Amino acid sequence: MSRPPVASPRGAEVGRRIGVGLMYGLFKPRVLGAWKVPATGPVIFAVNHSHNIDGPMVMGVAPRPTHFLIKKEAFIGPLDPFLTGIGQLKVDRATADRTAISQALGVLENGGVLGIFPEGTRGEGDFASLRAGLAYFAVRSGAPIVPIAVLGSTDRRGRLIKGLPPLRSRVDVVFGDPFDAGDGTGRRTRRALDEATERIQKQLTSHLENARRLTGR
């Protein structure tokens, strides 16, 4: 079976530039710790998810272009070719989506940045319940995980557009220290992935707590 096409790094860079214009044009991002992101090599961004703008916000403020795994339901109408064109990855959350898995691993093999919402869906954004996908990609690829906390996107609803935060409101994006999810043995067993998920959850929860103290949110 032929391997699906690799997501476009050039497209992701276009997406980053679009994100810069939109996020800094509509809101007032405060970015902390972006210097912690490794300048080269494969990296996984683990982002809390409480609002639809969290992904675009990270794309716009991160120092490197990002390929996010995004639920297939978002790829509707003209958004389908647009999201694909800017290097984003469509994933079917109801099944083991081999195409999405292969494309995500391809991003990391090519030394790119893979963005994941480890909670699997939008919620409280507190990393309380993680799916195993993040651990799988981290252990399989050996790429470090950079935890990212997006805070303030759900504080208030906008007056003009109810589904967005108020225009020119402040949104904090806090990047954490990179860490390895594996135990150093290279094991990919179910037990190894479960243990990696526990380690990841502790790291992400700790980062979120530190981010809240740092920003006062």
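All values below come from the heavy atoms of this structure, side chains included, with hydrogens, waters and symmetry mates left out. Computed from a predicted model, the values in this text were never measured in an experiment.
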- Message: Grouping I, L, V, M, F, W and Y whenever their side-chain heavy atoms are under 4.5 Å apart, do Val58 and Phe82 come out in a common cluster?
- Response: yes
- Task: Could you tell me which residues satisfy side-chain contact (heavy atoms from CB on, under 4.5 Å) with Ser141, sequence neighbours excluded, listed by chain and number?
- Result: Ile44, Leu108, Ala143
- The salt bridge (charged side-chain N to carboxylate O under 4.0 Å, His left out) partners of Glu13 (sequence neighbours excluded) come to Arg16, Arg17
- Val139: side-chain contact (heavy atoms from CB on, under 4.5 Å) partners, not counting sequence neighbours: Arg188, Leu193, Ala196
- Task: Could you grab the distance from atom CD1 of Ile116 to atom NE2 of His49, nearest 0.5 Å is fine?
- Result: 13.0 Å
- Evaluate the criterion side-chain contact (heavy atoms from CB on, under 4.5 Å) for residue pair Thr215 and Val174; output intermediate values, then yes/no. CA-CA 9 Å; Thr215 61; Val174 186; 3.8 Å; yes
- Hits for side-chain contact (heavy atoms from CB on, under 4.5 Å) against Phe179, two or more places apart or cross-chain, chain-then-number order -> Ile145, Pro147, Ile200, Gln203, Leu204
- Answer yes or no: is there a side-chain heavy-atom contact under 4.5 Å between Ile148 and Asn48? no
- Item | Pairing residues for Arg140 by the side chain to side chain donor-acceptor pair (under 3.5 Å) criterion, not counting sequence neighbours | Tyr136
- Message: Can a donor-acceptor pair be found, under 3.5 Å and without considering hydrogens, that links the side chain of His51 to the backbone of Gly152?
- Response: no
- Search all heavy atoms of Pro63 against all heavy atoms of Ala34 and return the closest pair with its distance. CG-O, 3.7 Å
- Item | Gln88 side chain vs Ala7 backbone, donor-acceptor pair below 3.5 Å | no
- Query: For Lys28, which residues count as a salt bridge (charged side-chain N to carboxylate O under 4.0 Å, His left out) partner, sequence neighbours excluded?
  - Reply: none
- Message: Under the rule for salt bridge (charged side-chain N to carboxylate O under 4.0 Å, His left out), what residues qualify as partners of Lys202, not counting sequence neighbours?
- Response: none
- Under 3.5 Å, is there a donor-acceptor pair between the side chain of Thr84 and the main chain of Pro81? no
- Message: Distance check, rounded to the nearest 0.5 Å: Ile70 atom CD1 versus Phe117 atom CZ?
- Response: 7.0 Å
- Same apolar cluster (I L V M F W Y, side chains within < 4.5 Å links), Leu32/Val37: no
- Message: According to a hydrophobic-cluster definition based on side-chain heavy atoms being under 4.5 Å apart (Ile, Leu, Val, Met, Phe, Trp, Tyr only), do Val146 and Leu214 belong together?
- Response: no
- Donor-acceptor contact below 3.5 Å, side chain Asp92 vs main chain Asp97: no
- Message: I want to check something: taking the side chain as every heavy atom from C-beta on, are Pro178 and Pro38 in contact at a cut-off of under 4.5 Å?
- Response: yes
- Message: My understanding is that only residues two or more places apart in sequence, or in another chain, count here; which of them pass side chain to side chain donor-acceptor pair (under 3.5 Å) with Asn110?
- Response: none
- Query: How many angstroms lie between CG in Leu151 and CG in Asp54, if you round to the nearest 0.5 Å?
  - Reply: 9.0 Å
- Query: Can you name the residues that form a side-chain contact (heavy atoms from CB on, under 4.5 Å) with Thr189, not counting sequence neighbours?
  - Reply: Arg187, Arg191, Ala192
- Note on the structure: Sorted by chain and residue number, the salt bridge (charged side-chain N to carboxylate O under 4.0 Å, His left out) partners of Asp172 (sequence neighbours excluded) come out as Arg30, Arg170, Arg217
- Are any side-chain N or O atoms of Thr95 and backbone N or O atoms of Arg93, one a donor and one an acceptor, separated by less than 3.5 Å? no
- Spacing of OG1 belonging to Thr40 relative to CZ belonging to Arg64, to within rounding of 0.5 Å: 6.5 Å
- Note, Pro56 side chain near Met23 side chain (heavy atom, < 4.5 Å): yes
- Message: Working note: Val47 + Val150, criterion side-chain contact (heavy atoms from CB on, under 4.5 Å); need CA distance, chi angles, decisive distance, verdict.
- Response: CA-CA 7 Å; Val47 187; Val150 181; 3.9 Å; yes
- Side chain proximity check, Leu114 to Val43, heavy atoms < 4.5 angstrom: no
- Query: When you look at NZ of Lys90, are more than 12 heavy atoms from neighbouring residues, nucleotides or ligands closer to it than 6.0 Å?
  - Reply: yes
- Item | Gly87 backbone acceptor or donor facing His67 side chain under 3.5 Å | yes
- Message: Do Met59 and Ile18 make a side-chain contact, defined as non-hydrogen atoms from C-beta onward lying under 4.5 Å apart?
- Response: no
- Residues Phe175 and Gly33: closest non-hydrogen pair is CB-O, 3.2 Å
- Item | side chain to side chain donor-acceptor pair (under 3.5 Å) partners of Arg168, counting only residues at least two apart | none
- Applying side-chain contact (heavy atoms from CB on, under 4.5 Å), run through Met57 and Phe27 and close with a yes or a no. CA-CA 9 Å; Met57 181 63 69; Phe27 309 107; 4.0 Å; yes
- Message: Tell me the closest heavy-atom pair linking Pro165 and Ile53, and the distance in Å.
- Response: CG-CD1, 3.7 Å
- Query: Could you go step by step and tell me if Leu134 and Thr197 meet the side-chain contact (heavy atoms from CB on, under 4.5 Å) rule?
  - Reply: CA-CA 8 Å; Leu134 175 56; Thr197 298; over 6 Å; no
- Check: Phe68 ring centre within less than 6.0 Å of Phe45 ring centre: no
